[in-house]
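Okay, structure first, notes after.
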Amino acid sequence: GAGVQYQSSSHRTDRVHRVQVERITDRQHQRTVLHPQRKYLKPVYQADRERLVKGLLEHGVVENLEAHFRRKNGDIGIGLMSARIIMIQGEKCILSITREITDRILTEITLRENEAKLREAHHKLERAYEATLRGWAHALELREAETANHSQRVVDLTVRLAQELGIRGEELTHIRRGALLHDIGKMGVPDGILLKPSQLTYDEWVTMRQHTEFARDMLSDIEYLHPCIAIPYSHHEKWDGAGYPQGLSGKEIPLAARIFAIVDVYDALTHDRPYRPAWSVKDARRFMIEQKGKHFDPDILDLFLKLNVL
């Protein structure tokens, strides 16, 4: 029997491999190590021992049983035990191999904890980003007193319409941010034009239209806002190609911009502006239907008209 018992060590990640042979002495599964002078890893907890014995009795073999073991120094470690019943000199014995995986388990736990910390840091950064964007939008609203709360209204309705189109996840987040920043380019428009209480002249209108390009230039240097640029830059494009700044038509216009254009016009029509009072919902609805296939994507407009907002 002495020749079949050995102990080996490994320099791999799993620190200790131990092999032992035990004799099964009676039906109560009391076992005696053939060489009791050596101290091998054994399951510490009764439940682990019972799982080991049950597996051997039912199947004759147990593979990779994860259990807690007491080391020679008294510490508790975690190991994978594989065991099988063998015959030695006519007796049933247990041949077991235990591979300690404590370091690996601890590494996995540390990785999970670090991942949780990274997720929390990411969430904090996301909240800081959102607070910054809301601050920018609020600054513009303070400048344009007549359009106060416009940004939040169009954000809420744009997100709702996007969700009706099946948009979820990161794409929805980018749409929400783009809607919040849709008029950020107006920061570059002079007060005399932006706040003028009457109709703009041709030259003033040319300057006002530049706010989409101002927005693109402002946001293009901010990497995390790149996916949001479609709305601030393209929300004045029209389905028939008559919009600005690029004169895109149909599905050349980014989906986010097509969604937002409908919401933006509806909100603008139904709220007071410096140059005109708010329209009734009925008049706004009639105008938007007239613009189907001209200003607006026909399919998205049909879906919008079904929402309980008009």
Side-chain angles (χ1 to χ4, degrees), residues 133 136-137 140 147 150-151 153-189 193-194 200 202-269 273 284-307:
L133 301 187
W136 288 355
L140 182 60
T147 60
H150 167 70
S151 291
R153 289 195 305 268
V154 295
V155 166
D156 294 342
L157 194 48
T158 300
V159 167
R160 182 178 170 189
L161 181 54
Q163 289 174 325
E164 289 293 323
L165 288 165
I167 296 174
R168 300 289 187 274
E170 285 190 5
E171 186 179 4
L172 187 64
T173 297
H174 297 322
I175 287 176
R176 179 169 51 79
R177 289 174 176 171
L180 188 61
L181 296 176
H182 71 280
D183 271 343
I184 195 67
K186 288 182 178 179
M187 288 288 191
V189 177
I193 296 175
L194 185 66
L200 301 179
Y202 174 80
D203 289 340
E204 290 170 338
W205 184 241
V206 169
T207 300
M208 176 66 85
R209 283 166 52 130
Q210 290 180 322
H211 78 275
T212 58
E213 296 173 78
F214 294 157
R216 177 201 59 194
D217 295 343
M218 289 174 63
L219 302 179
S220 61
D221 290 334
I222 305 173
E223 185 174 352
Y224 87 95
L225 292 179
H226 284 178
C228 311
I229 292 177
I231 290 179
Y233 184 48
S234 301
H235 70 283
H236 286 295
E237 301 286 0
K238 295 184 179 181
W239 184 258
D240 63 5
Y244 66 91
Q246 294 176 284
L248 302 177
S249 63
K251 293 189 177 180
E252 292 177 342
I253 306 168
L255 175 61
R258 283 181 273 141
I259 294 171
F260 182 80
I262 294 171
V263 173
D264 189 41
V265 170
Y266 169 75
D267 189 84
L269 291 175
R273 286 301 172 101
R285 180 184 179 90
R286 182 172 57 250
F287 172 82
M288 296 185 76
I289 292 173
E290 290 172 357
Q291 292 298 309
K292 179 178 178 180
K294 298 177 183 177
H295 191 151
F296 307 123
D297 181 320
D299 294 333
I300 299 177
L301 180 63
D302 285 343
L303 183 60
F304 179 76
L305 294 173
K306 295 176 183 177
L307 296 180

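Hydrogens, waters and symmetry mates are skipped; everything else that's a heavy atom, side chains included, is used. Computed from a predicted model, the values in this text were never measured in an experiment.
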Go through the structure and list residues passing ring pair (Phe, Tyr, Trp, His ring centres under 6.0 Å) with Y233, not counting sequence neighbours. none

Roughly how far apart are F214 CZ and K186 NZ, rounded to 0.5 Å? 12.5 Å

State, with a plain yes or no, whether a side-chain heavy atom of I231 is found less than 4.5 Å away from one of D264. no

Go through the steps for H150 and H182 under the test ring pair (Phe, Tyr, Trp, His ring centres under 6.0 Å), then give the verdict. CA-CA 11 Å; H150 167 70; H182 71 280; 5.0 Å; yes

Closest non-hydrogen atom pair, Y266 against M288: CB-SD, 3.7 Å

Working to the nearest 0.5 Å, report the span between OG1 of T158 and CD1 of I167. 10.5 Å

With E164 via salt bridge (Lys or Arg N to Asp or Glu O under 4.0 Å) - residues at least two apart: none

Only counting residues at least two apart or in another chain, list the ones meeting salt bridge (Lys or Arg N to Asp or Glu O under 4.0 Å) with R216. none

Give the minimum heavy-atom separation between A162 and L172, together with the two atoms involved. CB-CD1, 3.7 Å

Please test H235 against D183 for side chain to side chain contact (heavy atoms under 4.5 Å, CB included), starting from the C-alpha separation and ending with a verdict. CA-CA 10 Å; H235 70 283; D183 271 343; 3.7 Å; yes

Any chance you could measure C228, atom SG, to L133, atom CG, to the nearest 0.5 Å? 7.5 Å

With sequence neighbours left out, the residues meeting salt bridge (Lys or Arg N to Asp or Glu O under 4.0 Å) with R177 are E126, E130

Please report the shortest heavy-atom distance between S234 and Q246, naming the atom on each side. OG-OE1, 4.3 Å

For residues 294-304, which side-chain N or O atoms pair as donor and acceptor with protein atoms under 3.5 Å away, sequence neighbours left out?
from	atom 1	to	atom 2	distance (Å)
D297	OD1	D299	N	3.0
D297	OD1	I300	N	3.3
D297	OD2	R258	NH1	2.8
D302	OD1	K292	NZ	2.8
D302	OD2	K292	NZ	3.2

Is a donor on one side and an acceptor on the other found under 3.5 Å between the side chain of H174 and the backbone of E171? no

Distance check, rounded to the nearest 0.5 Å: K306 atom NZ versus L161 atom CG? 12.0 Å

I need the L225 CG to W136 CH2 distance, nearest 0.5 Å. 6.0 Å

Got a sec, which residues hit salt bridge (Lys or Arg N to Asp or Glu O under 4.0 Å) with D267, two or more places apart in sequence or on another chain? R153

Under 3.5 Å donor-acceptor, E204 side chain and I193 backbone: no

Quick one: closest heavy-atom pair of L219 and P232, and the distance? CD1-CG, 3.9 Å

Looking at CD of E213 and CE of M218, how far apart are the two atoms once the value is rounded to the nearest 0.5 Å? 14.0 Å

